[in-house]
Each structure stands twice: as structure tokens, then as C-alpha cells.
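Note that the structure is predicted; figures quoted are calculated from it, not measured. These values consider heavy atoms only, across backbone and side chains, with no hydrogens, waters or symmetry-generated copies. Throughout, a chain's letter reflects where its sequence line sits, starting with A, and its residues are numbered from 1.
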There are 2 protein chains.
Amino acid sequence: MRAWLAFISASALLNRCLDQQLKEDAGISHLQYEILVRLGAAPGREMRMTALADALYNSKSGLTYQVTQMEKAGLVRRRSCPSDVRAVYACLTEAGQALVERAAPGHVALVRELLIDALSLEQLNTLADGLGKVVRRMLGQETAAAGG
Amino acid sequence: MRAWLAFISASALLNRCLDQQLKEDAGISHLQYEILVRLGAAPGREMRMTALADALYNSKSGLTYQVTQMEKAGLVRRRSCPSDVRAVYACLTEAGQALVERAAPGHVALVRELLIDALSLEQLNTLADGLGKVVRRMLGQETAAAGG
DNA sequence: AGCCCGGTGTTCAAATTTGAACACCGGGCT
DNA sequence: AGCCCGGTGTTCAAATTTGAACACCGGGCT
């Protein structure tokens, strides 16, 4: 179970550390940063609320809260969908775009320092392959796992 | 950055899934389960509050809250230290011990199913070595990272 | 003995997360 | 057209987390 212990420790520490840095650096949480990044990478810089929640493995209500906060801060804007009245798009504003661009270098550098530089290229590839498979398995059998 | 993406995805999914199972299975959160396990493994089934918080990479106030909750549930008991009036020990009660023993098999089985069984022995060793190194590096330079 | 720095665990308010309930709409069926 | 199932995003209360402030004590120094 050495792998498991290392995994949860690394996970907790990395999250804590990155959250800290982003908060000092850009005044946003790691989750808010991820929201900005996803929106920035999406076509038209906008995404459906549900799609965004799924991409971040976050609850719908949690996302509603965060988007509301970020809208107050001017980083994001809500837009309703013309073809489906129920749907809501979250759009990246220019201020949001500017903030990601300002925060990204430091964030990427810290990830590199804490994770990438600690490992060999081979270790990184193994880690990416292995955890990628873990993620695909979990997404494929969420109900099976809950049942058994 | 494939490794990084896989890592945070796996981390979020695993945590969510394990939390879910423990809540259904034993009525406790993943954090509470970890507290019980650490106490169970400690000599005398007790630990200083600060030592416990450090071991779980948790804040002191967060631990105070959780221990209070668990004390109400009868899983844990507070004991003050005779040699240092400031110190407080959290001790595992018999009910707490019984709960871990009841919850552990299912938890371990799920970890095995979701993580261990998805990977080869070689992948597991690489992952344990790599992430272990990451953890040691982070613990060694927490202040350095905050400064740069 | 007296002072002071650093460590201990708790308290508090504010922020965030969680999950259930909700209002509302789309689309398939008759 | 009318019904109904399932999906959309939000609201709400309760639980939890966060971080600063706090009260208190230990131990080294004089």
C-alpha cells in the first residue's frame, strides 16, 4: 500500500501548496483557476455549466456558487443559450482571460518544480499512463463501484 | 502536462469515490476514517493533536472540529497529557476501533479495485517511488516554495 | 524569581462544499 | 395538443474548511 499512501499524501500536499500560491499570486483558488483555464481552452471561451462541472468533477451546485463569485469579480459572465432556454453558458471575460495569463506562468512553474522536476521522464510517462487508465476505469464504472 | 492532468483527475475522482463509499458504508468521511486509522496504528492508540494534524496534512482548527464531532459520536476521546498541560491526546475508543475494523475491508477492497488492480506491479512501484520523492521534496522545502 | 519567545489547542466569523428539493423546459409518445 | 420522463441550473440549510486571533503554558535566559 506504499503507492496508495504516497498518492494521497502527494495529492493533499500539492493541492494545498498550489492553492496557497494562486491565492497569493492571483487572489483565486485552485478551483477558480481551473475554471478559468477550461473556459480559456474551450471554443468561443465558453462552456455549458454542466459540461464545466463534469470536466472538473465538481457538483453542479458547487459550480453555481463559484461562477456566481467569479461573476461578481468580473472574471466570468453568464449567457443563456438561444436554442435551449434551460442551458446557461459561462463565458470568460477579458478580465478573466487577463488573469489566467498573468497567473499561469507562476502556476506552471510551481507544478514543474514540485512534480515534474522531481521525476524522470520515464517515471512521468508511467505515471501519466497509469493514472490515465485509473481515471478511464473510474469513469466507465461509476455505478458498478457504487453497487459493489 | 499529461501526467499532471491525469494526476489531478485521478486524485479528485478517487477522493470523491472513497468518501462516498465510506459515508454509505460506515457513516464517516474519508478524513474521519484516516483519523481512526492513524490512531489505531499509533502506540497506545493515541496521538497528540498536532502530530495528527501534521500526519494528515490538515489544519489544527480543522482537526479540532473533526475530533469534536467524532467525540460526540463516541469514536474518539480527548485526554490531557500529565507532563505538559498544553498538550491534548486524541484516543481511539473501543467503538472507534470497532468501526475501523468494520469499515476497513470495504475501503481497502475499493482502493484495490480502483487503483491497484488498474496498474501493473512495475507501474505501482514507479508510482510509489516517484510520488514518495515528490512528498519528501515538498516537506523539505515548504518555506522555499512559498518564497519563490 | 522574572521575562520573553515559541509552541499548544481552541474559538470565531467568513467562505466554501454538499446534497436534497425545487422550478422549469425539451422531446418522445399518444 | 396533452402527458410524462429526464435533464438544466438554482436555491437552501446544514456541514465543513480556512485562517486569524486568542488564551495559555514551557523552557531558556538573566
Peer 1: Specify the separation, in whole Å, of atom CD of B/Gln66 and atom P of D/dT18.
Peer 2: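 Checked: the CD to P distance equals 11 Å.
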Peer 1: Can you tell me which nucleotide in D/dT18, C/dG26, C/dT10 comes closest to the side chain of A/Val85?
Peer 2: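 Between D/dT18, C/dG26, C/dT10, the one nearest the side chain of A/Val85 would be C/dG26.
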Peer 1: Using the side-chain heavy atoms of A/Gln69, tell me which of these nucleotides is nearest: C/dT16, C/dT8, D/dT10.
Peer 2: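 Of all the options, the side chain of A/Gln69 is nearest to C/dT16.
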Peer 1: I'd like to know if B/Asp117 and A/Arg137 make a salt bridge, using a cut-off of under 4.0 Å between side-chain N and carboxylate O.
Peer 2: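 So B/Asp117 does not pair with A/Arg137 through a salt bridge.
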Peer 1: Measure from the side chain of A/Arg86, starting at C-beta and using heavy atoms only, and say which of D/dG19, D/dG7, C/dT18 lies closest.
Peer 2: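 The closest nucleotide is D/dG7.
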Peer 1: How many Å lie between CG on A/Asn58 and P on C/dT16, as a whole number?
Peer 2: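 One finds 13 Å between P of C/dT16 and CG of A/Asn58, rounded.
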Peer 1: Atom CG of A/Leu52 and atom P of D/dT8: how far apart are they, to the nearest Å?
Peer 2: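 Value for this atom pair: 14 Å.
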Peer 1: Looking only at the side chain of A/Arg48 (C-beta and beyond, no hydrogens), which of the listed nucleotides C/dT16, D/dT8, C/dT10 gets closest?
Peer 2: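 Per side-chain heavy atoms of A/Arg48, the pick is D/dT8.
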Peer 1: Please tell me which of the listed nucleotides, D/dG19, D/dT11, C/dA15, lies nearest to the side chain of A/Tyr65?
Peer 2: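 Output: C/dA15.
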Peer 1: Under 3.5 Å, is there a donor-acceptor pair between the A/Ser11 and B/Ser11 side chains?
Peer 2: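 Note: A/Ser11 and B/Ser11 side chains meet the donor-acceptor criterion.
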Peer 1: In whole Å, I'd like the distance from the CG atom of B/Leu56 to the P atom of D/dT18.
Peer 2: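 In whole Å, D/dT18 P lies 12 Å from B/Leu56 CG.
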Peer 1: Look at the side chain of A/Ser61 and decide which nucleotide, out of C/dT18, D/dT8, D/dT16, has an atom nearest to it.
Peer 2: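 The answer is C/dT18.
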Peer 1: Checking B/Thr93 side chain against B/Gly74 main chain: does a donor-acceptor pair fall under 3.5 Å?
Peer 2: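 Present.
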Peer 1: Rounded off to whole Å, could you give me the CD1-to-C1' distance for the B/Ile28 and D/dT16 pair?
Peer 2: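 My rounded result for the distance is 16 Å.
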Peer 1: Could you tell me how far apart A/Ile35 (CD1) and C/dT16 (C1') are, to the nearest whole angstrom?
Peer 2: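 Going from CD1 in A/Ile35 over to C1' in C/dT16 covers 12 Å.
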Peer 1: Check A/Glu71 with A/Arg77, please: is the shortest side-chain N to carboxylate O separation under 4.0 Å?
Peer 2: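 No.
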Peer 1: Considering every strand and a 4.0 Å limit on heavy-atom distances, what is the contact class for B/Leu31: base, sugar-phosphate, or nothing?
Peer 2: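 Sugar-phosphate contact only.
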Peer 1: Rounded off to whole Å, could you give me the NZ-to-P distance for the B/Lys23 and D/dA15 pair?
Peer 2: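 Result: 12 Å.
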Peer 1: Applying the Watson-Crick and G-U wobble criteria at under 3.5 Å, what pairs with D/dT30? Answer none if nothing qualifies.
Peer 2: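 Answer to the pairing question: C/dA1, which forms a Watson-Crick or G-U pair with D/dT30.
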Peer 1: Parallel, tilted or perpendicular: which fits the ring planes of A/Trp4 and B/His30, with parallel below 30° and perpendicular above 60°?
Peer 2: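 Plane angle under 30°, so parallel.
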Peer 1: Expressed in angstrom and rounded to an integer, what is the separation of A/Tyr57 atom OH from C/dT17 atom P?
Peer 2: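 So the OH-P distance, A/Tyr57 to C/dT17, works out to 18 Å.
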